[in-house]
2 protein chains.
Amino acid sequence: MSSTPPFHETLDLTLCGSMGRVHRLCRDAVTLAVEPLGLTQSRWTAMMHLFHLNQGCTQQELANSLGIEMPSLTRTIKQLEQQEIIARKADAEDKRSKRLYFTEQGLQLLDTLQVIIADVKEHLYADLTTEQLDTMAHGLIQMEQNARQCIRHYSGDK
Amino acid sequence: MSSTPPFHETLDLTLCGSMGRVHRLCRDAVTLAVEPLGLTQSRWTAMMHLFHLNQGCTQQELANSLGIEMPSLTRTIKQLEQQEIIARKADAEDKRSKRLYFTEQGLQLLDTLQVIIADVKEHLYADLTTEQLDTMAHGLIQMEQNARQCIRHYSGDK
DNA sequence: TTAATATAGTTAGCATGCTAAGTAAATATT
DNA sequence: AATATTTACTTAGCATGCTAACTATATTAA
């Protein structure tokens with residue numbers, strides 16, 4: 001005899017739509033804050049992930065970290081290279097792969113970027129408890145797994 | 001002296017990136033399952049929201065429900081109209097607005113769509129408790145508000 | 001060793017979100 | 001009543017994700 005339905009059900013299948021919206025808004029917030037640096041969302045995101053991976057990783061590794069496909073990254077990398085924020089160097093051992101490094105000015109920009117992002121992050125996570133954030137993070141990971149399995153199921157099943 | 005940091009911190013600012021990824025994957029899962037119906041993500045999403053809003057709403061109302069801007073919707077509506085799934089009828093009182101209705105075959109398609117989506121949804125939410133889903137839904141809403149405020153702050157402040 | 005397969009990266013082009021700017025109708029101001 | 005503003009929608013064009021198909025190199029199998 002539940003009088004009120006679970007809150008998430010009022011969102012119905014739009015929980016998924018909600019994630020897309022929040023994702024876009026968070027990105028917009030950071031991108032706005034970061035605008036003076038001349039960076040778009042895909043570029044600052046790539047920079048942050050490259051920082052966490054340490055320099056010298058391959059494009060494939062960065063794409064994995066970002067959770068995007070290679071062609072999506074290729075475009076971004078090209079832009080960051082043109083802005084002389086990162087540089088690509090061919091791997092000596094495996095001539096197919098290219099390793100990514102920040103340039104001097106890229107590193108400087110990164111510093112500023114991190115300060116700004118830390119600030120925005122604080123705003124975005126305001127009024128959310130650590131427990132809440134943890135639950136969300138775990139839930140997202142579970143849903144990601146579910147979705148991947150679901151996709152396998154509906155495509156080839158294999 | 002906390003030995004392990006909160007789980008979400010291991011994701012750092014990528015909690016936001018996670019949402020984007022999960023969102024894309026969930027959509028892909030549904031879109032795959034729904035493929036035989038000839039519907040893309042934006043189209044089936046619009047259909048579901050139109051259903052929940054009841055027919056006869058304006059494009060603006062549907063855009064609000066979807067959480068997207070009008071021009072994004074215009075394109076989708078046009079496609080749904082060409083597929084003869086929905087029909088637009090000019091409002092008699094306000095000649096600017098157009099009201100949206102399902103066609104006969106649109107309604108039939110909607111039935112099938114709903115069955116499939118209910119099935120996929122079950123997979124996507126598998127192993128997540130009601131409490132977890134509720135926490136996530138609330139967290140998303142809070143973050144959405146934070147992000148909007150943040151955006152106001154960084155743009156005009158006003 | 002040669003042929004088959006797999007992997008890193010690119011290019012081309014689609015889907016879906018957006019903003020900016022335009023049209024036409026409704027509403028508010030004077 | 002005439003003008004100015006707002007609102008609903010469209011069009012044009014950008015940003016970022018994707019898949020498919022290509023090149024070049026590396027690895028595996030015959």
Side-chain angles (χ1 to χ4, degrees), chain A residues 16-32 34-35 38-46 49 57-64 66-81 88-100 147 151 155-156, chain B residues 16-32 34-35 38-46 49 57-64 66-81 88-100 147 151 155-156:
Chain A
C16 189
S18 253
M19 285 189 296
R21 199 161 52 247
V22 174
H23 173 242
R24 265 179 276 137
L25 287 166
C26 289
R27 280 170 148 189
D28 288 352
V30 176
T31 301
L32 241 176
V34 148
E35 196 174 51
L39 296 170
T40 65
Q41 169 273 313
S42 60
R43 297 206 283 268
W44 63 256
T45 309
H49 278 255
C57 71
T58 64
Q59 295 188 192
Q60 183 64 68
E61 285 163 351
L62 183 54
N64 283 343
L66 287 162
I68 64 177
E69 300 299 322
M70 287 275 290
S72 309
L73 183 60
T74 297
R75 189 202 286 129
T76 304
I77 299 260
K78 197 182 290 179
Q79 295 165 347
L80 284 169
E81 201 176 25
R88 275 189 284 203
K89 294 180 191 163
D91 186 309
E93 301 190 357
D94 187 335
K95 288 176 194 163
R96 289 169 308 178
S97 52
K98 302 176 181 173
R99 301 198 167 269
L100 305 171
I151 287 171
S155 41
Chain B
C16 189
S18 255
M19 285 188 297
R21 199 161 52 247
V22 174
H23 173 243
R24 266 178 275 136
L25 287 166
C26 289
R27 279 168 148 190
D28 288 352
V30 176
T31 302
L32 240 176
V34 149
E35 197 174 51
L39 296 169
T40 65
Q41 169 272 314
S42 60
R43 298 206 282 268
W44 64 255
T45 309
H49 278 255
C57 70
T58 64
Q59 295 187 193
Q60 184 64 69
E61 285 163 351
L62 183 54
N64 282 343
L66 287 162
I68 63 177
E69 299 300 321
M70 287 275 291
S72 309
L73 184 59
T74 297
R75 189 201 285 132
T76 304
I77 300 261
K78 197 182 290 177
Q79 295 164 347
L80 285 168
E81 201 176 23
R88 275 189 285 203
K89 294 180 191 163
D91 186 307
E93 302 190 357
D94 187 334
K95 287 176 194 161
R96 289 169 308 177
S97 51
K98 301 176 181 172
R99 301 200 166 268
L100 304 171
I151 287 171
S155 41

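All heavy atoms count here, side chains included; hydrogens, waters and symmetry mates do not. Sequence lines set the chain letters: A, B, ... in the order given, protein chains first and strands last, and positions in each chain run from 1.
For the pair Leu80(A) CG and dG9(C) P, the interatomic distance rounds to 15 Å; values are reported in whole Å. A straight line from CD1 of Ile77(B) to C1' of dC9(D) spans 11 Å, rounded to a whole angstrom. The interatomic distance linking Gln60(A) (CD) with dT10(C) (P) rounds to 11 Å, in whole Å.
Here Gln59(B) does not reach the OP1 or OP2 of dA8(D): none of its side-chain N or O atoms lies under 4.0 Å away. A sub-4.0 Å separation between OP1 or OP2 of dC9(D) and a side-chain N or O of Lys95(B) is absent.
Every residue two or more places apart in sequence or in another chain that forms a side chain to side chain donor-acceptor pair (under 3.5 Å) with Arg27(B) is listed here: His23(B), Gln41(B). Remark: Gln79(B) engages Arg43(B) in a side chain to side chain donor-acceptor pair (under 3.5 Å) (not counting sequence neighbours). With sequence neighbours left out, Arg24(B) forms a side-chain contact (heavy atoms from CB on, under 4.5 Å) with Ile68(A), Arg21(B). Annotation: salt bridge (Lys or Arg N to Asp or Glu O under 4.0 Å) contacts of Arg75(B) (sequence neighbours excluded): none. Under the rule for a side-chain contact (heavy atoms from CB on, under 4.5 Å), the partners of Arg88(A) that lie at least two apart in sequence or sit in another chain are Gln59(A), Ile77(A), Glu81(A), Lys98(A), Leu100(A). Evaluation of the side-chain contact (heavy atoms from CB on, under 4.5 Å) rule for Thr58(A) yields Gln60(A), Glu61(A), Ser97(A), Arg99(A) as partners, not counting sequence neighbours.
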Every protein N/O within reach of nucleotides 1-6 of chain C N/O, cut-off under 3.5 Å:
none

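Within 4.0 Å (heavy atoms only), Glu93(A) reaches sugar-phosphate atoms of the nucleic acid but no base atom.
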What one-letter contact string describes nucleotides 11-19 of chain D from 5' to 3', where B marks a base within less than 4.0 Å of any protein heavy atom, S marks contact via sugar-phosphate atoms alone, and - marks no contact?
-> BB---BBBB

